[in-house]
Amino acid sequence: MTTIRTESTALDGLEGGEAYVDALRAKYKAERDRRIRPDGSAQYHRAAGEFGYYAADPYTPRTERDRLTDSVEVLVIGGGFGGLVSGARLRQAGFESIRMMDEAGDFGGTWYWNRYPGIHCDIESYVYMPMLEEVGYIPTMRYAPGEEIRQHAVAIAKRFDLYRDAVFQTRVTSLKWDEPAMEWIVETDRGDRMRARYVIASSGTLTQPKLPGIPGIDSFRGHTFHTSRWDYDYTGGNQEGNLHKLADKKVAVIGTGATGVQVIPKVAEDAAHLLVFQRTPSTVDRRDNHPTEPAWVESLTPGWQQARMENFLAMVSGEQAKEDLVQDGWTSTARLQRKMITGAFHTTLSDEERERLDEIIDFQKMNQIRARVDQIVIDPSTAELLKPWYRYMCKRPCFSDSYLQAFNRSNVRLVDTADFGGITRMTENSIVVGDTEYEVDCVIFATGFEVGVSGAVSGTLPVNGRNDQPLLEAWSRGPRTLHGFFSHGFPNLFHLGSLQNANSVNYAHILQEQAAHIAAVVAGAREAGASYVEPSAEAEALWDQVIQENALDNYDFKVECTPGYYNREGAPSPMTSYGPGPVAFHRLLSQWRDESLSEVLVP
Ligand code: NDP
């Protein structure tokens, strides 16, 4: 078999020719095949029931409060960026009675829960952090630290007076439409039975921590927690590091995804010993973070953030853009992202030519990523294990200038588990891989989240609309929505998220556009004196047809990818997003608001 080279000589044009390309393909397939597990997504445990400890809130003590039986105009479920921007836009439109609700103890969503050391945004903060101009804030760094982003969420809430009427540590348990009153009856796990005229559900996609189904995981008697519930009492320190209580500990981190890549360098700095248990290496490219430059800030003119967000979105979607304002690892790999996420990308090439070109560009990019491992990691066998063998967007790309370097430390050891489909088992005091046992004091699970949709869509939150019809019964043959946001038979109920619409890597931007759209619809209803908002069954059917006809067909790409949550562990579902991509989708929404909004307003 042709040797797979990663030296820079192999980069330009992959001069090994067809044999080299075939060898790479075969290598990718072999690496994928040894990771595919028959139990797929079922290999994971939900952090609930006997594993509920892993999801408990370590940040805010629970406070008791009286049951609520009042009525609000708008209930927003979810205090992350989707919910916050929905609330803010409604406030701007003059709504007074807004109740924000979250299971967490404060606003922030992802950034409330994830406070692990090393946490940073990996999308440029100037395009990621919402409403910078409205709040009057400039991030301190190009890729802001997590705590700064969390505090920005709090600042948005304060700026738009969203703490007023807010309830935290509260989970909605049922939504029932009361037709005579034209209101939703909202029940919660706090015994509330409140009412809301409009309900906006924005409860996140990657929120519920998951644990690997490792045999014996429940027998481990050392200390253990999930990265999204970091235990600083045990480790000491804070998000910047200084985990001084680990100085005499042997620590295991399980997982090397985007979280692992940020956490591992910080634990490596302070733990006596760190064992990193890897199943699939991430792609780790240059990060190049730096403080925000005052001269750049001086140069900004009103409207700069929306323009920058739109430019970033256009770049990563492969749209025509005059200039690349952000110029980072995401915008330089736009062509590769199209395969997986955004759709769009105009080209005159035939499908076959384009696929061929995409694959070559992908091989070149991945060769650079693998060559970077060789440049940084001193021990050749460790370097070999850290090289990813799959197409670029099969897993979430990572960017770090300290991750690979951590493996050059004498207190850090990489344990590869790929040959065994992951960790073999856990005992009272150890992790076992194959026949080798590693004793540890502490196990930190950087093993990710259930890929969710809101409870309303997954069924964990029962929703009964007109004539008491359950939402999931109405959707028994798949989701039926207009633009992914609202449904016939479920008046005044809106969903934010990835459902029959368009997505992108800057998910915060996607949520902002969704929030602005939904707020405009609700405001339009109030202005028109509408009794309620509801799309017709015909409008839903037409949208479903648009989605089906335009769907981005990336099934083959996904199914050949190494397993992970991007492809449902090797069993991808058919694409149900808007194929022309997010830029075209946002244009379509804007046009719809101008021309057709009145069609969903029922007098
Ligand atoms: P991931 O799901 O991406 O990673 C989970 C890790 O756990 C993988 O490395 C996985 O290996 C490993 N794993 C799972 N089961 C086992 C097992 N039995 N034995 C050994 N290893 C195992 O979760 P993350 O929390 O890293 O990231 C989730 C998402 O959150 C990201 O994709 C990103 O969207 C977001 N994120 C964003 C950040 C930002 O800065 N904006 C930062 C961090 C996360 P394998 O790959 O083989 O399945």
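Note that ligands are numbered from 1 as they come in the structure, with each ligand's atoms numbered from 1 the same way.
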Of the protein's non-hydrogen atoms, which lies at the shortest distance from [atom], and what is that distance?
atom	result
atom 23 (O) of ligand 1	G448 CA, 3.1 Å
atom 6 (C) of ligand 1	A446 O, 3.4 Å
atom 40 (O) of ligand 1	H120 O, 2.7 Å
atom 48 (O) of ligand 1	R279 NH2, 2.9 Å
atom 35 (C) of ligand 1	L206 CD1, 4.4 Å
atom 25 (O) of ligand 1	T259 OG1, 2.6 Å
atom 18 (N) of ligand 1	P212 CB, 3.4 Å
atom 28 (C) of ligand 1	Y565 CE2, 4.1 Å

Winner among G421, A258, G118, A144 once heavy atoms are compared against atom 36 (N) of ligand 1: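 When every heavy atom of G421, A258, G118, A144 is considered, A258 comes closest to atom 36 (N) of ligand 1.
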
Can you confirm if the NZ or CZ of [X] lies within 45° of the ring axis of [Y] and under 6.0 Å from the centre of its six-membered ring?
X	Y	result
K210	F449	no
R150	W113	no
R287	Y143	yes
R115	Y112	yes

Plane angle bin for Y403 and F407 - parallel if under 30°, tilted between 30 and 60°, otherwise perpendicular: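 Aromatic pair F407/Y403 classed perpendicular.
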
Plane angle bin for Y234 and F225 - parallel if under 30°, tilted between 30 and 60°, otherwise perpendicular: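 Rings of F225 and Y234: perpendicular, over 60°.
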
Check this for me - ligand 1, [X], N or O atoms closer than 3.5 angstrom, yes or no?
X	result
E569	no
I123	no
T280	yes
T256	yes

Within reach of ligand 1, part of [X] (heavy-atom separation under 4.0 Å):
X	result
F399	neither
S228	neither
C121	backbone
I254	side chain

Ligand-residue contact atoms, ligand 1 with [X], heavy atoms, under 4.0 Å:
X	result
G255	6 (C), 7 (O), 9 (O), 12 (C)
Y116	42 (C), 43 (C)
K395	45 (P), 46 (O), 48 (O)
F449	25 (O)

NZ/NE/NH1/NH2 to OD/OE distance under 4.0 Å, R46 and E450: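 A salt bridge is present here (some side-chain N lies under 4.0 Å from a carboxylate O).
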
When you measure from the side chain of [X] to the backbone of [Y], do you find a donor-acceptor pair of N or O atoms at a distance under 3.5 Å?
X	Y	value
D270	L243	yes
S400	S402	yes
H509	P130	no
Q262	P117	no

Mind checking whether [X] has a heavy atom under 4.0 Å from ligand 1?
X	value
R35	no
F420	no
F445	no

Step-by-step side-chain contact (heavy atoms from CB on, under 4.5 Å) determination, Q327 to D324: CA-CA 6 Å; Q327 296 193 37; D324 174 1; 3.6 Å; yes

Pair Y54 + H226: ring centers closer than 6.0 Å: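 Between Y54 and H226, the centre distance exceeds or equals 6.0 Å.
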
Pair Y390 + Y566: ring centers closer than 6.0 Å: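 Ring-ring flag for Y390/Y566: false, centres at least 6.0 Å apart.
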
